[in-house]
Amino acid sequence: MTEATNSPRQLPIAIGEPRLLPLTSPLQKVQPSADEVARRRRLGRRAQILAGTSVGYNVVEAAVAIAAGTVSGSVALVGFGLDSIVEVASGLIILWQFRSPMPETRERRALRLIALSFFGLALYVSFESVRSLVTGSAPDASGVGIGLAIASLIVMPVLSAAQRRTGKALQSNSVVADGTQTLLCTYLSAVLLVGLVLNATLGWSWADPIAGLVIAAIALREGIQAWQGKGCCAPTNAGAHACEDGCC
């Protein structure tokens, strides 16, 4: 009788024994390591250095292009200088954005401002190019403009590649987009160089406003993409190597 009465009393105690929980929950958020934090800080500083370099170069480029274009009457050269001003704005926005504790909150507004700048550039250059074609005004040859276009063809691809690599490593849409803007300047430099050389060597005065219209068309396309929040090869949550448009 004693054993029979004692057995049921021990069963609830066995069932009710507290169980030890695991020290680490599988749903616990993993904090980045010290090495990862340091790596992102280095990349952030590099992004700012590259943006500052882009700003400095484009300030000089804009001043030289607009001055030379005004003297020679080249619509394409003035348009190229105005595009450099847009590049300056893009670089300054990157510097402004990465000085915020939450840079991503400024990205949408920054892209809209860049888009408006591109729209203004496209409108002005289109108007001046059409006016030049209608009136038949012939721009003078510009050796300064040709030299500037060659220099940009050398500098801009290197700077763009560094910006895009840094942006992908940071998974930052804005840094990648800034590198894309720099790459756009390379294309515009090639268009400008062709127009200036044809005008200087063959006397094809119409080549300059045609080059201006090409610059305006590219600027309009970039403005639309910026307004829509799109960036060439901008990283997504899927990973830094995601690329939907094949431009990587």
About how many Å separate [atom2] of [Y] and [atom1] of [X], when rounded to the nearest 0.5 Å?
X    : Y    : atom1 : atom2 : answer
R164 : L183 : CZ    : CG    : 5.5 Å
I224 : F119 : CD1   : CZ    : 5.5 Å
W227 : L116 : CH2   : CG    : 5.0 Å
L77  : L148 : CG    : CG    : 7.0 Å
I218 : Y187 : CD1   : OH    : 9.0 Å
Q228 : Q225 : CD    : CD    : 7.5 Å

Between [X] and [Y], does any side-chain donor sit less than 3.5 Å from a side-chain acceptor?
X    : Y    : value
S54  : E87  : no
N199 : S205 : no
Y57  : S152 : yes

State plainly whether one hydrophobic cluster holds both [X] and [Y], where clusters connect Ile, Leu, Val, Met, Phe, Trp and Tyr through side-chain heavy atoms under 4.5 angstrom apart.
X    : Y    : value
V88  : M156 : no
L198 : V78  : no
L192 : V144 : yes
L92  : V59  : yes
F80  : V130 : no

To check you understand the geometry: which heavy-atom pair defines the closest contact between [X] and [Y], and what is its length?
X    : Y    : value
A169 : L43  : CB-CD1, 3.7 Å
S84  : E61  : OG-OE1, 2.5 Å
D208 : V75  : OD2-N, 2.9 Å
I85  : A62  : CG1-CB, 3.8 Å
L153 : A190 : CD2-N, 3.8 Å
G145 : S142 : N-OG, 3.0 Å

- Message: For the backbone of E128 and the side chain of S132, can you confirm whether one donor and one acceptor N or O come within less than 3.5 Å of each other?
- Response: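 Looks like no, no N/O pair under 3.5 Å.
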- Query: Quick one: does S74's side chain have a donor or acceptor within less than 3.5 Å of a partner on T70's backbone?
  - Reply: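 No, the answer is negative, given that no donor and acceptor are paired below the 3.5 Å cut-off.
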- For side chain to side chain contact (heavy atoms under 4.5 Å, CB included), just list the numbers for W204 and I210, CA-CA rounded to whole Å, side-chain angles, deciding distance to a tenth of an Å, and then say yes or no. CA-CA 10 Å; W204 292 357; I210 292 297; over 6 Å; no
- Min side-chain heavy-atom separation V64-V60 under 4.5 Å: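 Heavy-atom side-chain distance check passes, below 4.5 Å.
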- Task: Evaluate side chain to side chain contact (heavy atoms under 4.5 Å, CB included) for Q163 paired with V158, printing each intermediate quantity in order.
- Result: CA-CA 9 Å; Q163 289 172 317; V158 177; over 6 Å; no
